[in-house]
Amino acid sequence: MCIRDSLKIVKRCENHWLQNIFFQIYDLVRICQHMYMDIKSALDEHIAIVDAIKEKDIDKAKKLLEIHIDRAKKRILRSMKKLEENIDE
């Protein structure tokens, strides 16, 4: 699932607070997606979130989303560190 798919879900959720936050970070997320190569893990996380939504298990979806965001931050920071190391070489 890509950021555009996330956008579709956010638009349909009718949660104005979530939409506001999402639109504030949308461009940053699109840029950061290209900074790491662990696409398989990110895809698996997205699928699990969507599955929880389909099951109408909101608590599970929230927890999976929190985990996904935390892992995404870590992936981005690792990528930035690698990029910085490559620049220093």
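Keep in mind it's a predicted model, so treat the numbers as computed, not measured.
Side-chain N or O atoms of His46 include one that pairs as donor or acceptor with a backbone N or O of Ala42 at under 3.5 Å. Between the side chain of Gln19 and the backbone N or O of Val10 there is at least one donor-acceptor pair closer than 3.5 Å.
To the nearest 0.5 Å, atom CG of residue Asp44 and atom NE2 of residue His68 are 11.5 Å apart. Taken to the nearest 0.5 Å, the CG atom of Leu64 stands 6.0 Å off from the CD1 atom of Ile49.
Both Ile21 and Phe23 sit in one connected hydrophobic cluster of ILVMFWY residues. Membership requires side-chain heavy atoms under 4.5 Å apart, directly or through other members. The cluster map of Ile, Leu, Val, Met, Phe, Trp and Tyr, joined by side-chain heavy atoms under 4.5 Å apart, puts Trp17 and Phe22 in the same cluster. Both Ile69 and Ile9 are members of a single hydrophobic cluster when ILVMFWY side chains are connected at heavy-atom separations under 4.5 Å.
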task = Starting from the C-alpha separation in whole Å, work towards a yes-or-no answer on side chain to side chain contact (heavy atoms under 4.5 Å, CB included) for Lys63 and Asp59.
result = CA-CA 6 Å; Lys63 184 64 179 169; Asp59 291 331; over 6 Å; no

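Looking at residues two or more places apart in sequence or on another chain, you find no salt bridge (Lys or Arg N to Asp or Glu O under 4.0 Å) involving Glu66.
Gln24 CD: more than 12 foreign heavy atoms inside a 6.0 Å radius.
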